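Structure record follows, encoded as structure tokens.
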Amino acid sequence: MKRIYSLIAIFILLLCLSGCISTRHAEVVTTTQPTYTFTMFLCRDTGILVSPLITDNISCLHDYTLQVRQMRMLESAEIIVCSGAGLENFMQDLIPSQKYLINASTGIDLLCSAHTHDHSESAHHSHESDPHIWLSPLNAKIMASNIAEGLCQSFPQHEKSIKNNLNTLHAELDELYSYGLSQLSQISSRELITFHDGFSYFAQCFDLTIVESIEEESGSEASASQLIDLIEIVRENNLMAIFTETNGSAAAAQIISAETGIPIFTLDLGISGDNYFHAMYKNIDTIKEALG
């Protein structure tokens, strides 16, 4: 009987230890998939615990609402890594003031974002900074450097490892950039229509032109007049494809495709879901296939 009680006690102890391990708080919390990819890379072989805040499959953060679990992550983290450039403005008031915040966008030249929902003369255009900076590998290198600098300040005992990891990460981003230049250098067309106003940095980096970008969200789909204008743009410019966004709406794109006969392809903002590098290589290959 004593043996049984001993085994039960050991079992309960293991359950408790397991629970302690599973609820261990993150030292570093990152807001998006790109910042998570970069921070994880930089923290290799350091023992620094890194966790992503937003893991939902979403196309943007405009109307995102943090869950209680995510707010607790912000409260318990020692360091919070933000993409910056206004992307996380919706959660500014939720970040504890005493937290050390790393802004990955520092030093990046921001492009203007023009959200368009109607092409009539009375259309409203709201101009603000485009926060999708990671879609340029050149910007991603600056983001990685900013994150590395913040990590070195917080974990000086790991400075050597972090800097070595940064050099390797920069090399991989250079390889990504070179791959994009090579694959897209000889495509037949360099003009795109996208159904998310978020690919400007990608286009700038690889010498592409976004003829029109439509910010189409649930409840604010493209109007009939807008669809007519877009169909005319496709025909006037002899565009070869329409590009929607992963997790975004494709309703208007399907109408335009049916009217013009051009195919629809899907690009990935890389803000959530898959690994940053996988999303970027896939985007390059998709554009090569669509416009090659």
Side-chain angles (χ1 to χ4, degrees), residues 33-34 57 59-60 109 111-116 119 130-141 172-217 221-222 226-292:
Q33 177 55 238
N57 289 322
S59 60
C60 65
D109 293 329
L111 299 176
C112 182
S113 173
H115 300 302
T116 306
H119 282 251
D130 183 345
H132 305 90
I133 52 178
W134 61 86
L135 287 170
S136 162
L138 301 180
N139 286 345
K141 289 183 66 176
E172 293 205 12
L173 288 167
D174 285 336
E175 185 175 342
L176 170 64
Y177 178 53
S178 297
Y179 180 81
L181 291 178
S182 173
Q183 293 298 304
L184 304 180
S185 62
Q186 301 297 325
I187 55 178
S188 302
S189 173
R190 310 198 75 80
E191 297 180 328
L192 296 78
I193 282 184
T194 62
F195 276 82
H196 193 291
D197 186 19
F199 293 97
S200 296
Y201 294 102
F202 186 96
Q204 181 190 60
C205 187
F206 296 114
D207 192 26
L208 303 169
T209 299
I210 297 179
V211 178
E212 193 71 45
S213 61
I214 311 302
E215 187 77 6
E216 191 175 45
E217 301 171 2
E221 288 77 10
Q226 190 174 15
L227 286 171
I228 293 171
D229 288 347
L230 291 170
I231 290 169
E232 190 62 28
I233 289 172
V234 168
R235 289 171 174 163
E236 286 180 354
N237 293 276
N238 295 314
L239 298 184
M240 299 175 63
I242 307 170
F243 296 91
T244 59
E245 197 277 314
T246 302
N247 303 316
S249 172
Q254 290 169 353
I255 294 173
I256 297 169
S257 176
E259 288 293 323
T260 62
I262 64 173
I264 300 172
F265 290 84
T266 302
L267 298 176
D268 191 345
L269 280 173
I271 198 170
S272 64
D274 213 341
N275 177 278
Y276 168 80
F277 285 98
H278 184 274
M280 287 294 291
Y281 276 109
K282 185 177 179 181
N283 284 339
I284 293 168
D285 291 342
T286 297
I287 290 179
K288 173 70 181 296
E289 178 185 356
L291 305 181

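All of these numbers come straight from a predicted model, not from anything done at the bench.
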- Note on the structure: On a heavy-atom basis, the closest approach of M240 and A290 is CE-O, 3.9 Å
- Message: Main chain of I133, side chain of N139: is a donor-acceptor contact present, judged purely on distance under 3.5 Å?
- Response: yes
- Message: Can you tell me which residue among I264, I256, L267 is in a side-chain contact (heavy atoms from CB on, under 4.5 Å) with F195?
- Response: I256
- Find out whether L208 and F199 are in side-chain contact, i.e. whether some heavy atom of one side chain is under 4.5 Å from a heavy atom of the other. no
- Message: With heavy-atom distances below 4.5 Å as the criterion, would you say the side chains of I271 and W134 are in contact?
- Response: yes
- Message: Looking at every non-hydrogen atom in both residues, tell me the closest pair between I187 and L184 and how far apart they are.
- Response: CG1-O, 3.5 Å
- Task: Taking all heavy atoms of A253 and all of I242, pick out the closest pair and write down the distance.
- Result: O-CD1, 3.7 Å
- Item | Side-chain touch K282/D268, heavy atoms, less than 4.5 angstrom | no
- Message: Given 3.5 Å as the limit, does a donor-acceptor pair link the side chain of E245 with the main chain of L269, or not?
- Response: yes
- Message: Tell me the closest heavy-atom pair linking G198 and H132, and the distance in Å.
- Response: O-CB, 3.4 Å
- Is R190 reaching over with its side chain to a backbone N or O of L291, donor-acceptor style, under 3.5 angstrom? no
- Task: Enter the distance from I231:CD1 to S257:OG here, rounded to the nearest 0.5 Å.
- Result: 10.5 Å
- Item | N237 side chain vs L239 backbone, donor-acceptor pair below 3.5 Å | no
- Item | Derivation and outcome, side chain to side chain contact (heavy atoms under 4.5 Å, CB included), residues I287 and F265 | CA-CA 8 Å; I287 290 179; F265 290 84; over 6 Å; no
- Nearest heavy atoms of C205 and P137, plus distance in Å: SG-CD, 3.6 Å
- Report yes if the side chains of F206 and N283 come closer than 4.5 Å at any heavy-atom pair, otherwise no. no
- Query: Which distance, rounded to the nearest 0.5 Å, do you find between the CG of L230 and the CD1 of I255?
  - Reply: 10.5 Å
- Kindly compute the distance separating CZ (F277) from CG (L176), expressed to the nearest 0.5 Å. 6.5 Å
- Query: Are any of the side-chain heavy atoms of L173 and Y276 separated by less than 4.5 Å?
  - Reply: yes
- Distance col, row Q183:CD vs S178:OG, nearest 0.5 angstrom, shows 11.5 Å
- Task: Report the distance from atom CD of Q33 to atom CG of N275, rounding to the nearest 0.5 Å.
- Result: 6.0 Å
- Item | From CG (D207) to OG1 (T209), nearest 0.5 Å | 7.0 Å
- Query: Can Y201 and D109 be counted as having a side-chain donor-acceptor contact under 3.5 angstrom?
  - Reply: no
- Item | S185 side chain vs S182 backbone, donor-acceptor pair below 3.5 Å | yes
- Query: Any side-chain heavy atom of N238 within less than 4.5 Å of one from E191?
  - Reply: no
- Any side-chain heavy atom of M280 sitting closer than 4.5 Å to one from L135? yes
- Task: Report yes if the side chains of R235 and E259 come closer than 4.5 Å at any heavy-atom pair, otherwise no.
- Result: yes
